[in-house]
Engineer: 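I have a structure here, written as structure tokens, and I will follow up with some questions on it.
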Amino acid sequence: MAWNISMPDGEWFTRETPGLEALVREVADTPVMAIDTETTGLNYMKDFPLYWSLSWERKGTPGHFRRVCLRADTLPAFAHVFKNPDREWSFVNAKYDMHMLFNAGFELKGKILDTSVMHSLLYEEERHDLDHMATSVLGWTWKDDFKTGFKTEGPKAFLQRLEQEDLPRLVEYASNDAYGTIFLRNKLKKELEGAPTWSLYPEMFSTLWDLFIKTESPFTRVLWKCERAGAFVDVNYLKSIEGPVTEELNKVEREIVRLVGRPINTNSRKQLMEYFFNQKGYQPLKMTKGGKSGIKEPAVDFDTLEYLVQKYNDPVAENMLTQRDLAKLKGTYVEGIQNSRDANGRVHTRFNQDVARTGRLSSSDINLQNIPRPDTDKFRIRRAFIPEERNNLIVADYEALEMRLLACAAMEQDMIQIFLDGKDIHMGNASLVFGLPYDDLKAAKKVDGEVKAGKRPESDMTDYYQRCLLARQHVKTIGFGLNYGMKENKLARDLKISKQEALNLMEKYMSRYPAVRHFYDSSIETVRRTGYAFTLLGRRRFLPEILSNQSDVRWRAERQASNVPIQGTAADVVKMAMIKCDEANLLDEFGAHMLIQVHDELMFECPEETTDQAKKVIQEVMEDSLPSKLAVPLKVSIGSGKSWMDAK
DNA sequence: TACGGCGGCGCG
DNA sequence: AAAGCGCGCCGCCGTA
């Protein structure tokens, strides 16, 4: 027995088992079912199910459950059940099993309930794997250990040996997962229904169950489709920059070794630390965090290198800045992306729905949400993401999404007006905060652009225009910084101004926008009062540390309290947009697939002929993704082209 | 040889 | 580093 509870016997089915037909009939007649697969491995595009299991509460006999383990050869007998849209499947980590079933030739059409996602809405600080959820939600503990077998023999050999040599153990193992899942589904559903929340649409979202079933549940399938599609990669382009990147990196590393006068591994912070602070005797700028041991050492990060260049004019530090850039580019992107390509030249990320505490997605294996931006990346990695022949990429961006949501949430009329007037928000803010004419700010940016493009003489960029540009930059940094709870010290460092100037700037900004100040204060107050920070659709984040006696712990919770409503609401908006794009049937209408989400940006692949039509629909759907209009319209800029770079 | 912690850094 | 939110991956290094 694997769980520490009494349970019905696990049943075993193969294609030849006489009871299979009756089982199929019962399953078809039971609309709520937990499902799990045992597979050949963890690669979701390549591996496939060897066994699978189901568990459900028997119709007409409440409290009586069945749990069955089936060999994969039984799957075809259930094909019509998988196709039925009017049923519900519960999983742990749903997308993975959906991929496995798809690899075996079956696409589930019913509702998808991922218990990991359900759990993440209630217990965002905990893990969402089956073992932990079963322990903490159900009080069940796992007794058998299969890890060693999987590890030493590999999943395929291990599972197939079990079928031959110890079938009961295989049946236990496999069917218990499904059994745990159906109990988790039932318990978590009750907990979600009993979890009140606060949203802008109380008639639609008043409990976490509303949030789950109306947004997260359909979202899972949307993400599954994105993962499945993958993004096509121009491997020739990556190969073409691999040489130059490597050459440049080697060159700068050789130069560093020459300057140091002995072999040094430029990737080793320890060796660099030794060189700068022992051999050269420089003063450290800052110390590292120290981690568990608490041992702090001099940092050798970007800030430090920049300071060593500034203060000591050190050529090694200067070269290290280049080395860092190139090493990151080469290892993480040029090589990393190539290594992730599948046989068709596409890369398939995992979009994690249960990781970010604010409700954002995360992307891993491969992370497609941190590909370098072309404006700072001289090797233009984004150029490597391309459509297949005769297709385009479409890239749609929410413009200033978080600022718009802040203006709405705070009901800051002057800021709202900037958006209603269709102005650039940072220029608008700079204009109001510093009393500069908006048109001058606009002209400054235009002239700056033209001077940089060589279309105008440098003398056109007057001191006044420089001041205008700087004002916009300062206000932009303040706006983002405030959202993260930044204080004057950090602002001063970022803007390279004095602490007092930074303090003055922030005060000026806040007193020009009193409603914004009040919004941040009241966000913190809400958490003090209720324990939770809320987003527009009612996602909650529990922040008990807001009452901590330790000021650093409490301050951190306060920063999170003021950030969650904005970052989390932005995540809500994009999530709704993705669901609506899916519902708009872009695939059938235009042959368009959603590929990637990068927080406020969506990427699609679309045939050339239908690109213009698809763009129009996508833009409309995204700008209109919420149940009702906000005080500020959401604006989406949309472009298309033959690479991620060109499409923006 | 594998793994986790850590520093460092890419993105929004 | 510091009162800057949310992520994931790389290489190094110490440990098993």
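Model, not experiment: these values are computed from the prediction.
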Engineer: With side chain to side chain contact (heavy atoms under 4.5 Å, CB included) as the test, would you mind laying out the steps for A:D365 and A:T349 before giving the verdict?
Structural biologist: CA-CA 5 Å; A:D365 276 325; A:T349 184; over 6 Å; no
Engineer: Write down the atom of A:S523, the atom of A:P565, and the distance for their closest heavy-atom approach.
Structural biologist: OG-CG, 4.1 Å
Engineer: Among C:dG6, B:dG12, C:dG8, which nucleotide has an atom closest to any side-chain atom of A:T358?
Structural biologist: C:dG6
Engineer: Please list, by residue number, the residues of residues 556-578 of chain A whose heavy atoms come closer than 4.0 Å to an atom of DNA chain C; answer none if no residue qualifies.
Structural biologist: A:R556, A:R559, A:Q560, A:N563, A:Q567
Engineer: Provide the distance between the two C1' atoms, one in C:dA3 and one in B:dC6, to the nearest whole Å.
Structural biologist: 23 Å
Engineer: State whether the side chain of A:T376 and the backbone N or O of A:P372 hold a donor-acceptor pair below 3.5 Å, judged by distance alone.
Structural biologist: no
Engineer: Ring centres of A:F158 and A:F150 under 6.0 Å apart?
Structural biologist: yes
Engineer: Atom CG of A:L503 and atom P of C:dA3: how far apart are they, to the nearest Å?
Structural biologist: 14 Å
Engineer: Does A:E623 reach the main-chain N or O of A:V636 with its side chain, forming a donor-acceptor pair under 3.5 Å?
Structural biologist: yes
Engineer: Contact class for A:D325 vs. all strands (heavy atom < 4.0 Å): base, sugar-phosphate, or nothing?
Structural biologist: sugar-phosphate
Engineer: Can you name the atoms? Protein N/O to nucleotides 1-5 of chain B N/O, anything below 3.5 Å, with the distance.
Structural biologist:
none

Engineer: The criterion is salt bridge (Lys or Arg N to Asp or Glu O under 4.0 Å); which residues satisfy it with A:D521, sequence neighbours excluded?
Structural biologist: none
Engineer: For a quick check, tell me whether the side chain of A:D301 and the base of B:dG8 share a donor-acceptor pair closer than 3.5 Å.
Structural biologist: no
Engineer: Taking only residues at least two apart or on different chains, which pairs with a member in residues 528-558 of chain A satisfy ring pair (Phe, Tyr, Trp, His ring centres under 6.0 Å)?
Structural biologist: A:Y532-A:F542
Engineer: side-chain contact (heavy atoms from CB on, under 4.5 Å) with A:R554: which residues, sequence neighbours excluded?
Structural biologist: A:S548, A:S551, A:E558
Engineer: If only atom types and distance count, is the side chain of A:K95 paired as donor or acceptor with the main-chain N or O of A:F351 below 3.5 Å?
Structural biologist: yes
Engineer: Starting at CG of A:D494 and ending at C1' of C:dA1, how long is that distance when rounded to a whole Å?
Structural biologist: 13 Å
Engineer: What contact category does A:Y333 fall into here, base, sugar-phosphate, or nothing, at under 4.0 angstrom with non-hydrogen atoms?
Structural biologist: sugar-phosphate
Engineer: Once you round it to whole Å, what is the distance between P of C:dC5 and CE of A:M486?
Structural biologist: 11 Å
Engineer: Atom CG of A:L368 to atom C1' of B:dG10: distance rounded to whole Å?
Structural biologist: 13 Å
Engineer: When you measure from the side chain of A:S293 to the backbone N and O of A:I295, does any donor-acceptor pair fall under 3.5 Å?
Structural biologist: yes
Engineer: Expressed in angstrom and rounded to an integer, what is the separation of A:R380 atom CZ from B:dG10 atom P?
Structural biologist: 16 Å
Engineer: What residues form a salt bridge (Lys or Arg N to Asp or Glu O under 4.0 Å) with A:D424, not counting sequence neighbours?
Structural biologist: A:R472
Engineer: B:dC11 phosphate, OP1 or OP2: any side-chain N/O from A:T376 under 4.0 angstrom?
Structural biologist: yes
Engineer: For A:N352 and for A:K286, locate the closest nucleotide of DNA chain C by heavy-atom distance; then report the residue assigned to the nucleotide nearer the 5' terminus.
Structural biologist: A:K286
Engineer: Please report, rounded to the nearest Å, how far the P atom of C:dG11 is from the NZ atom of A:K328.
Structural biologist: 10 Å
Engineer: Write down the distance separating the C1' atoms in B:dG8 and C:dA1, rounded off to the nearest Å.
Structural biologist: 14 Å
Engineer: Between the protein and nucleotides 12-16 of chain C, are there any N/O to N/O pairs under 3.5 Å, and if so, what are the atom names and distances?
Structural biologist:
| residue | atom | partner | partner atom | Å |
| --- | --- | --- | --- | --- |
| C:dC12 | OP1 | A:N265 | ND2 | 3.0 |
| C:dC13 | OP1 | A:S268 | OG | 2.5 |
| C:dG14 | OP1 | A:K270 | NZ | 2.8 |

Engineer: Mind checking A:R382 for me? I need base, sugar-phosphate or nothing, with any heavy atom below 4.0 Å counting as a touch.
Structural biologist: sugar-phosphate
Engineer: How would you label the contact of A:S363 with the nucleic acid (heavy atoms, under 4.0 Å): base, sugar-phosphate, or nothing?
Structural biologist: sugar-phosphate
Engineer: C:dG8, OP1 or OP2 - any side-chain N/O from A:S362 closer than 4.0 Å?
Structural biologist: yes
Engineer: Which pairs count as ring pair (Phe, Tyr, Trp, His ring centres under 6.0 Å) when at least one residue sits in residues 271-290 of chain A, sequence neighbours excluded?
Structural biologist: A:Y282-A:Y312
Engineer: Holding to salt bridge (Lys or Arg N to Asp or Glu O under 4.0 Å), I want the full list of residues that pass it with A:D301, two or more places apart in sequence or in another chain.
Structural biologist: A:K286
Engineer: Separation of A:M273 atom CE from C:dG11 atom P, in whole Å?
Structural biologist: 21 Å
Engineer: Look at A:R541 and C:dC5 and indicate whether a side-chain polar atom (N or O) is within less than 4.0 Å of OP1 or OP2.
Structural biologist: no
Engineer: Given Watson-Crick or G-U pairs with both distances under 3.5 Å, what dot-bracket string fits DNA chain C, with | for other-strand pairs and [ ] for crossing?
Structural biologist: ....||||||||||||
Engineer: Salt bridge between A:R357 and A:E124, side-chain N to carboxylate O under 4.0 Å?
Structural biologist: no
Engineer: Any base atoms under 4.0 Å from A:D552, or only sugar-phosphate, or nothing? Heavy atoms, all strands.
Structural biologist: nothing
Engineer: If you look at every strand shown and take non-hydrogen atoms under 4.0 Å, does A:G481 touch a base, only sugar-phosphate, or nothing?
Structural biologist: nothing
Engineer: Taking side-chain contact (heavy atoms from CB on, under 4.5 Å) as the definition, give me every residue that meets it alongside A:K330, ordered by chain and number, with sequence neighbours left out.
Structural biologist: A:V245, A:T246, A:L249, A:E335
Engineer: Starting from P on B:dG8, measure out to CG on A:N367 and report it in whole angstrom.
Structural biologist: 21 Å
Engineer: Taking only side-chain nitrogens and oxygens of A:T288, does any of them come within less than 4.0 Å of OP1 or OP2 of B:dG7?
Structural biologist: yes
Engineer: Looking at A:R357, I'd like to know whether one of its side-chain N or O atoms comes within less than 4.0 Å of OP1 or OP2 on C:dC7.
Structural biologist: yes
Engineer: Using heavy atoms to find the nearest nucleotide of DNA chain C for A:G336 and A:K296 separately, return the residue whose nucleotide is more 5′.
Structural biologist: A:K296
Engineer: With ring pair (Phe, Tyr, Trp, His ring centres under 6.0 Å) as the rule and sequence neighbours excluded, what pairs involving residues 355-374 of chain A come up?
Structural biologist: none
Engineer: Is a donor-acceptor contact shorter than 3.5 angstrom present between the side chain of A:R373 and the base of B:dG10?
Structural biologist: no
Engineer: With the side chain of A:D365 defined as its heavy atoms from C-beta on, choose the nearest nucleotide among B:dG8, B:dG12, C:dC9.
Structural biologist: C:dC9
